Enquirer: 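A single structure is presented below for examination.
These figures come from a predicted structure and were not determined experimentally.
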Number of protein chains: 2
Amino acid sequence: MGHTTPGSPPTPELLDELSQFFRLLSEPARLQLLCQLEHQGPMDVAALIEATGFSQSHISRQLGQLQRAGLVRNQREGVRLTYAVADPLVPQLCNLVQTSLRQRLEQQLQLLQSA
Amino acid sequence: MGHTTPGSPPTPELLDELSQFFRLLSEPARLQLLCQLEHQGPMDVAALIEATGFSQSHISRQLGQLQRAGLVRNQREGVRLTYAVADPLVPQLCNLVQTSLRQRLEQQLQLLQSA
DNA sequence: AATTGCTATGAGCATAGACGCATAAAGGGT
DNA sequence: ACCCTTTATGCGTCTATGCTCATAGCAATT
């Protein structure tokens with residue numbers, strides 16, 4: 001039940017960093033780009049445009065944000081840039097959340113069945 | 001290096017659910033409320049107002065969102081509502097992200113030292 | 001049922017950020 | 001040096017939402 005965490009409460013700075021990080025993943029476009037890269041391996045921008053249907057400028061901006069956060073890395077291939085996932089954290093998080101969401105849905109389903 | 005995830009790519013619906021979930025944590029106010037509850041154990045709204053300095057209506061709305069998402073649960077104590085964390089997922093996520101952020105900072109530090 | 005104390009919610013304002021268009025910047029080939 | 005291709009960025013628009021004020025709803029007490 002009601003755990004209390006023994007450590008100190010998170011500082012405002014940490015709180016801000018955490019929320020900023022989650023904000024990156026809160027945008028479907030960015031999350032989609034990340035998942036696409038995770039699933040397909042490294043891709044260049046043209047392929048990402050093709051896969052997602054977003055405009056070039058939009059993709060460039062979103063990838064820029066992901067790169068500044070260290071979630072993605074790029075590499076030149078001639079004039080093109082190839083992007084790749086740079087941190088295994090994101091898939092981990094998504095799996096955790098996905099599992100939790102599923103569990104909650106199953107619980108709700110059981111509640112409905114018992115009614 | 002470049003893993004590719006064997007499973008199928010996430011459906012648009014899953015992508016939306018995941019991003020909506022992360023959006024909840026992307027707001028400093030909500031994350032602060034969650035951390036406060038996690039750290040102090042169950043608290044009533046007056047205590048949360050005291051602890052965070054937010055207005056009553058703001059807190060009510062944010063707690064409502066967290067509750068609809070199943071992250072928080074409330075319980076009547078007379079006329080007051082006491083809120084408590086309802087899912088251990090959030091502290092897990094925060095710890096993962098925090099660890100990853102720290103690792104990245106340490107790497108950057110080493111890069112600076114070797115320069 | 002009226003009053004009191006606590007919580008939820010409608011209305012409105014302000015701001016952040018997504019998204020596209022146009023254009024600049026950068027890199028490579030002739 | 002010029003041109004072509006690819007990526008980054010300034011600017012404008014529009015939507016979403018944080019946040020507040022006022023007020024409505026609701027539970028307990030008398």
Enquirer: Walk me through whether B:Leu37 and B:Tyr83 qualify under side chain to side chain contact (heavy atoms under 4.5 Å, CB included).
Expert: CA-CA 8 Å; B:Leu37 290 174; B:Tyr83 280 86; 4.1 Å; yes
Enquirer: Are more than 12 heavy atoms, taken from residues, nucleotides or ligands other than B:Glu50, located less than 6.0 Å from that residue's CD atom?
Expert: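 No, not enclosed.
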Enquirer: Please report the distance, rounded to the nearest Å, between CZ in B:Arg80 and P in C:dT7.
Expert: 7 Å
Enquirer: Determine whether the side chains of B:Asp87 and A:Ser100 contain a donor N or O and an acceptor N or O closer than 3.5 Å.
Expert: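 Yes - a donor-acceptor pair under 3.5 Å links their side chains.
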Enquirer: Of all the nucleotides listed (D:dG18, C:dG5, D:dT5), which has the minimum atom distance to the side chain of B:Glu27?
Expert: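 Nucleotide nearest to B:Glu27's side chain: D:dG18.
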Enquirer: Can you find a donor-acceptor N/O pair under 3.5 angstrom joining the side chain of A:Arg61 to the base of D:dG10?
Expert: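 By the distance-only test, yes, there is a pair.
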Enquirer: Answer yes or no: side-chain N or O of A:Ser57 and base N or O of C:dC19 forming a donor-acceptor pair under 3.5 Å.
Expert: no
Enquirer: In terms of hydrophobic clusters joined by side-chain contacts under 4.5 Å, are A:Leu105 and A:Leu96 together?
Expert: no
Enquirer: Would you mind telling me which residue lines up with the more 5' stretch of DNA chain D, A:Gln67 or A:Arg23, judged by nearest nucleotide?
Expert: A:Gln67
Enquirer: With no hydrogens and no angle check, is any side-chain donor or acceptor of A:Arg23 less than 3.5 Å from a backbone partner on A:Ser26?
Expert: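 The answer is no, because no donor-acceptor pair under 3.5 Å joins these two groups.
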Enquirer: Between the base of D:dA8 and the side chain of A:Gln56, is there a donor and acceptor pair under 3.5 angstrom?
Expert: yes
Enquirer: Take atom CD1 of B:Ile49 and atom P of D:dT20, then tell me their distance rounded to the nearest Å.
Expert: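 Computing the B:Ile49:CD1 to D:dT20:P distance gives 11 Å.
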Enquirer: Would you kindly give the CG-to-C1' distance between A:Leu81 and C:dA25, to the nearest whole Å?
Expert: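 Value for this atom pair: 13 Å.
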Enquirer: Which residue, A:Ala29 or B:Ser60, contacts DNA chain C at a nucleotide closer to its 5' end, judged by nearest heavy atom?
Expert: B:Ser60
Enquirer: I need the CD1-C1' distance between A:Ile59 and C:dG17, as an integer number of Å.
Expert: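 Result: 17 Å.
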Enquirer: In terms of side-chain heavy atoms of B:Arg30, which of C:dA18, D:dT17, D:dG18 is nearest?
Expert: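 Selected nucleotide: D:dG18.
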Enquirer: Heavy atoms from C-beta onward define the side chain here; which of C:dA8, C:dA18, D:dT7 lies closest to that of A:His58?
Expert: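 Of all the options, the side chain of A:His58 is nearest to C:dA18.
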Enquirer: Atom CD of B:Gln62 to atom P of D:dT20: distance rounded to whole Å?
Expert: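 Whole-Å distance recorded here is 10 Å.
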Enquirer: Find the distance A:Leu33:CG to C:dA18:C1' and express it as a whole number of Å.
Expert: 13 Å
Enquirer: I need the CZ-P distance between B:Arg76 and D:dT29, as an integer number of Å.
Expert: 12 Å
Enquirer: Write down the distance between CG (B:Asp44) and C1' (C:dG5), rounded to a whole number of angstrom.
Expert: 13 Å
Enquirer: Just to be sure I understand the rule, does B:Gln65 reach a base, reach only the sugar-phosphate, or reach nothing, if contact means heavy atoms closer than 4.0 Å?
Expert: sugar-phosphate
